[in-house]
Amino acid sequence: MGIRTGEQYINAVKSRKPEVWLEGRKVENILDEPVLKQAVIEIAKLYDLQHDPEYQEQITHICEETGERVNNAFLVPRSYEDLIKRRTAFEAYAEATFGLMGRSPDFLNVVLTSLYSNAHFLEKYNPQWGENIRDYYKYIRDNDLFLTHAIVNPQNDRRKSSHEQKDMFTHLGVVEETVDGLIVRGAKFLATLAPVTDEVIIYTFPGFQPGDERYAISFALPIDTPGLRIICRESMQDGKRPLFDHPLASRFEEIDALLVFKDVLIPWDRVFLYNNVEAANLLYPKTGIAQQPSHQSAVRGLVKLQFAAEVAARLADSIGVDAYLHVQEKLGELFQSVETIRALLHAAEYEYETTPEGEVMPNGVTLETIRGHMPNMYPRAIEVMQILGAGGLLLSPTGADFESEELREDLDRYYVGREGISGVERVSIFKLAWDLCGEAFGQRLLQYERYYTGDPIRKKAIFYNNIKRNSKFDMVDEALKVGQLKELSNK
Ligand SMILES: Cc1cc2nc3c(=O)[nH]c(=O)nc-3n(C[C@H](O)[C@H](O)[C@H](O)COP(=O)(O)OP(=O)(O)OC[C@H]3O[C@@H](n4cnc5c(N)ncnc54)[C@H](O)[C@@H]3O)c2cc1C
Ligand SMILES: Nc1c(O)cccc1C(=O)O
């Protein structure tokens with residue numbers, strides 16, 4: 001089949017009946033829920049972009065194996081040019097969503113492509129696992145399906161591993177093996193956009209201990225598999241608020257969910273890893289599933305950071321405060337952050353790494369440096385927006401107020417911005433900013449930048465420890481030589 005249209009994606013959503021819970025209600029029809037429907041509309045636009053003559057070459061390529069057109073996220077990069085081809089596809093999706101939808105289909109399609117091209121890792125442990133992941137990749141690629149993932153255990157007692165939790169099946173684990181497959185029970189989080197996806201993939205993130213064998217499991221299933229319960233978090237908007245008042249929150253809310261498996265059957269051909277703590281701990285570092293998707297995250301994060309910087313700049317300009325030195329300094333800082341990430345992204349691509357099998361990945365150290373900076377840079381952009389918008393962020397009237405004939409004159413007079421900026425324009429910019437820096441929607445976007453790919457604190461500590469392992473910090477000895485005391489230089 002190859003690339004889907006938005007309509008085909010919407011029809012797929014309509015045809016499925018996943019067990020979704022939203023604010024105490026079982027959702028009968030995804031498209032009848034305003035908050036879920038909005039995400040479907042935005043994702044459908046991304047599928048349509050693949051067919052838009054202006055974007056098709058940027059986003060897709062002809063698959064050598066099938067002769068069909070597929071998204072560049074399914075490309076196994078073999079050269080620098082391939083990385084750029086993939087980046088342009090990430091850019092198109094990120095720009096269409098201002099970088100605000102982190103879990104657009106390209107993210108997990110890259111994860112899956114990386115598992116596919118590194119299937120030899122799984123094969124080493126069990127030839128069937130390697131074959132299963134290859135088949136699954138082709139199935140997703142050729143049908144252009146949309147995946148969610150949940151790879152983190154719920155926050156119960158973090159001091160204990162899965163088998164030490166009070167209840168053996170709080171964390172997702174295997175209950176029994178049957179001739180048809182594995183029966184699994186327990187929970188995983190935090191499955192972004194789960195209700196509006198086609199499939200869910202569970203894979204392993206390091207941290208398994210001996211004794212955790214039943215939890216060391218990776219598999220994939222259709223999202224409406226019987227026994228799979230999707231419990232959504234409280235939504236951060238009701239999906240009904242006017243676009244004028246919430247121009248971002250009303251469009252880009254990515255619902256997150258807890259996945260609960262109630263004795264769900266995983267057919268053997270959908271099992272990618274099981275009962276092997278070593279393989280479960282090595283899957284993440286050895287199959288490129290950290291490094292390759294970080295390319296998508298870097299491109300998307302760059303667009304999001306630039307968007308935040310632009311909103312802050314337009315906000316400051318709209319009320320003339322960017323005439324002040326300290327405001328210019330703060331905005332300069334934000335745009336320098338943007339340029340830092342852009343330079344790092346280009347460096348990561350240019351200084352790519354090649355695996356022994358010939359797969360090309362953006363430079364891991366550089367991608368990890370982007371990862372380390374974004375949890376500081378993005379929250380800082382949000383803070384600057386709050387500082388520059390000040391009280392005005394809290395005082396925006398609604399679109400309905402502007403439509404009131406009685407109020408309109410006052411609003412036009414008292415909300416007017418600097419010369420050339422009307423009241424409506426100024427309020428529109430402030431509302432855009434408030435969605436990013438005030439609304440719960442914006443707080444989630446910030447929390448996403450901190451945590452979407454694990455704990456940034458531990459990741460930075462790992463980064464340092466790797467440097468320490470590979471460096472003696474020799475320059476320090478060199479500098480100390482000059483003024484060494486006698487007893488030390490005699491040593
Ligand atoms: C908006 C959003 C969307 C997400 N989407 C997805 C998704 O689609 N799929 C998915 O699988 N995941 C997703 N994630 C979840 C993400 O994987 C986790 O949030 C992330 O891995 C961090 O884990 P945690 O939230 O359980 O925090 P924890 O690991 O519980 O950490 C909480 C705090 O305790 C500290 N801490 C915990 N354990 C240790 C330790 N052993 N040593 C030292 N310090 C420790 C941490 O530093 C942190 O400060 C998403 C997260 C967010 C915020
Ligand atoms: N996608 C991830 C996630 O959801 C949690 C932790 C790590 C990752 C990742 O891709 O690195």
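Order of listing sets the numbers, starting from 1, for every ligand and every atom in it.
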Nearest neighbour in protein (non-hydrogen) for [atom]:
atom	result
atom 6 (C) of ligand 1	Leu190 O, 2.7 Å
atom 17 (O) of ligand 1	Val152 CG2, 3.1 Å
atom 26 (O) of ligand 1	Arg158 NH2, 2.5 Å
atom 49 (O) of ligand 1	Tyr451 OH, 3.6 Å
atom 9 (C) of ligand 2	Thr453 OG1, 3.1 Å
atom 6 (C) of ligand 2	Gly454 N, 3.3 Å
atom 42 (N) of ligand 1	Arg458 CD, 3.5 Å
atom 5 (C) of ligand 2	Ile151 CD1, 3.6 Å
atom 11 (O) of ligand 2	Tyr284 OH, 2.2 Å
atom 21 (O) of ligand 1	Gly454 CA, 3.3 Å
atom 47 (O) of ligand 1	Asp455 OD2, 2.5 Å

Within 45 degrees of the ring normal and closer than 6.0 Å to the centroid, is that where the cationic atom of [X] sits relative to [Y]?
X	Y	answer
Arg185	Phe169	yes
Arg300	Tyr452	yes
Arg4	Tyr47	yes

Interfacing atoms of ligand 2 (cut-off 4.0 Å, heavy-atom, Arg103):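 Once the distances to Arg103 are compared, the set is 1 (N), 3 (C), 4 (O).
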From Val110, Thr453, Asp106, Leu367, residue fulfilling side chain to side chain contact (heavy atoms under 4.5 Å, CB included) relative to Pro293: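 By the side chain to side chain contact (heavy atoms under 4.5 Å, CB included) criterion, Pro293 pairs with just one of Val110, Thr453, Asp106, Leu367: Val110.
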How does [X] reach ligand 2, if at all, at less than 4.0 Å between non-hydrogen atoms: by side chain, backbone, both, or neither?
X	result
Arg371	neither
Tyr452	backbone
Phe107	side chain

Within the structure, does [X] bring an N/O atom to less than 3.5 angstrom of an N/O atom in ligand 1?
X	value
Gln155	yes
Ile151	yes
His149	yes
Thr192	yes
Tyr448	no

Test: [X] and [Y] ion pair at under 4.0 Å:
X	Y	answer
Arg380	Glu449	no
Glu439	Arg241	yes
Arg87	Glu349	yes
Arg134	Glu131	no

Regarding [X] and [Y], is there a side-chain donor-to-acceptor distance under 3.5 Å anywhere?
X	Y	value
His163	Glu213	no
Ser235	Glu23	yes
Asp256	Thr192	yes
Thr170	Gln165	no
Gln237	Gln38	no
Gln50	Asp144	yes

Considering only heavy atoms of [X], which atoms of ligand 1 have at least one such atom less than 4.0 Å away?
X	value
Gln447	53 (C)
Asp256	3 (C)
Phe189	10 (C), 11 (O), 25 (O), 26 (O)

Any protein heavy atom at under 4.0 Å, with atom 33 (C) of ligand 1 as the reference point? no
Evaluate Lys459 for polar contact with ligand 2, using N/O atom pairs at a separation under 3.5 Å.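 Checking ligand 2 against Lys459, no N or O pair falls under 3.5 Å apart.
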To which of Gln291, Gln292, His149 does the heavy atom nearest atom 4 (O) of ligand 2 belong?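 Nearest heavy atom to atom 4 (O) of ligand 2 lies in His149.
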Calculate, to the nearest 0.5 Å, the distance between atoms CG and OG belonging to Asn109 and Ser114 respectively. 12.5 Å
Just let me know how Arg103 lines up against ligand 1, side chain, backbone, both or neither, with a heavy-atom cut-off below 4.0 Å.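 For Arg103, the contact with ligand 1 is made by the side chain alone.
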Which residue, Phe272, Phe219, Tyr203, forms the ring-ring contact (aromatic ring centres under 6.0 Å, His included) with Tyr136?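 That would be Phe272.
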